[in-house]
Amino acid sequence: MSETTISHFQEDTSLFFNDGNVVVAAAPLHGEGGLLFCVHKSILSMHSSVFDDMFTLPDLPADSTDSSNLYKGRPIVRMYDEPQDVRSLLRFYYYASMFPLTRYDPETPSKIEGILRLAKKYQIDSVWLRLVHQVEADWPTSLPEWDQLEGEIELRHSRRMEENLPDELPHNDDVYPEPGAAISLALEFCLYDILPAAFYHLSRTRISCDRAAKADDQGVSDNIAEVHEDGGRTANWSYLTRNDFKRLLLGREHIQRFMESKAFQFQNSSRFADCDLRCDRRGIEAKFQLALQSSDVLSELKAFITEDYATDGVCSPCRSRAKRDAQTLRQDLWAKLPQLFDLPMHKSGPWVLFRLDEL
Ligand SMILES: [Zn+2]
């Protein structure tokens with residue numbers, strides 16, 4: 001590469017160190033212009049064996065004495081990648097303490113997407129593992145984890161309303177993960193373990209509250225404001241592909257069918273042999289059936305476990321039965337999420353695999 005071929009490149013001042021001993025020239029293969037970073041071979045080599053090999057091999061830019069391969073006296077290494085991605089990676093190396101990655105941050109996927117792409121390509125294992133762990137920790141992979149997060153979100157909203165702190169505490173949307181970006185990231189980098197929770201969460205959000213349309217559509221903006229006031233959450237639907245929408249619709253339909261089959265099983269009068277004659281079992285059964293038709297069955301059934309409903313007039317065996325049934329149904333549904341949404345799964349992940357005809 002000669003000086004002329006990088007004449008349209010710009011130096012990135014935040015990553016152009018005076019004592020740097022290599023210049024990274026980043027631009028896509030057929031792109032125009034790019035960015036130049038003056039960094040340290042030792043830092044690049046320390047994180048990636050690909051760079052280490054590049055600097056130790058003879059006749060490659062690092063050892064070249066050919067002036068056309070030099071920029072301001074330093075050897076040039078060309079990276080055929082998006083300059084912004086390379087900048088994100090180098091910032092992560094040099095300013096790790098200033099790279100804010102907080103748990104549940106809805107912006108995490110967009111912050112790390114470019115870095116993950118380079119970490120994968122250049123086999124930067126330490127960076128890859130740290131970032132993957134960050135994303136995976138944001139999405140529950142078990143029902144107790146799911147319930148814990150849901151409890152936390154609910155509590156936060158209650159505090160916001162009861163203590164009248166709407167200005168001090170941001171909306172749940174600004175604090176907890178957003179499913180659209182997470183699904184897109186998970187599918188690109190095979191982070192399949194987060195998909196069941198992300199798809200289930202997406203399945204209970206409203207497309208009329210698409211964050212991507214918020215800026216251009218007052219109606220959408222009003223819808224989102226309404227959801228926020230109730231402590232609800234929204235998604236950025238622009239990240240979803242045609243296949244993602246197919247999975248989502250399939251999942252909703254499968255959940256509905258699964259619940260219908262369970263509702264049918266409950267219509268058995270012998271189940272109430274131990275019921276007190278004065279018991280309002282019809283009332284509790286009607287509530288239970290209604291919960292099965294909800295767009296958020298996991299949440300609606302939880303009320304029967306915590307007995308967060310009007311239990312007056314319902315006998316103890318019926319209350320216990322509702323609790324048991326709700327527990328079993330929630331566990332079954334959670335375990336079957338990968339099949340219900342037809343998700344790709346790792347063979348050795350935390351999810352148990354079922355066949356759809358077993359539903
Ligand atoms: Zn009863």
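Scope of the values below: all heavy atoms of this structure, side chains included, with no hydrogens, waters or symmetry mates. Every number for a ligand or one of its atoms is a count from 1 in the order of the listing.
Phe9 has its ring centre no less than 6.0 Å from the ring centre of Tyr71.
The two atoms that bring Arg319 and Val314 nearest to each other are NH1-O, 3.4 Å, heavy atoms only.
In this structure, Glu136 has no salt bridge (Lys or Arg N to Asp or Glu O under 4.0 Å) partners at least two apart in sequence or on a different chain.
Excluding waters, the count of protein N/O/S atoms less than 2.8 Å from the Zn ion (ligand 1) comes to 4.
Among residue pairs with one or both ends in residues 94-108, those qualifying as salt bridge (Lys or Arg N to Asp or Glu O under 4.0 Å) are Asp105-Lys111; sequence neighbours excluded. The list of salt bridge (Lys or Arg N to Asp or Glu O under 4.0 Å) pairs with a residue in residues 205-221, not counting sequence neighbours, reads Asp173-Arg211.
With Glu150 as reference, Arg204 is the one residue of Lys302, Arg330, Arg156, Arg204 to meet the salt bridge (Lys or Arg N to Asp or Glu O under 4.0 Å) rule.
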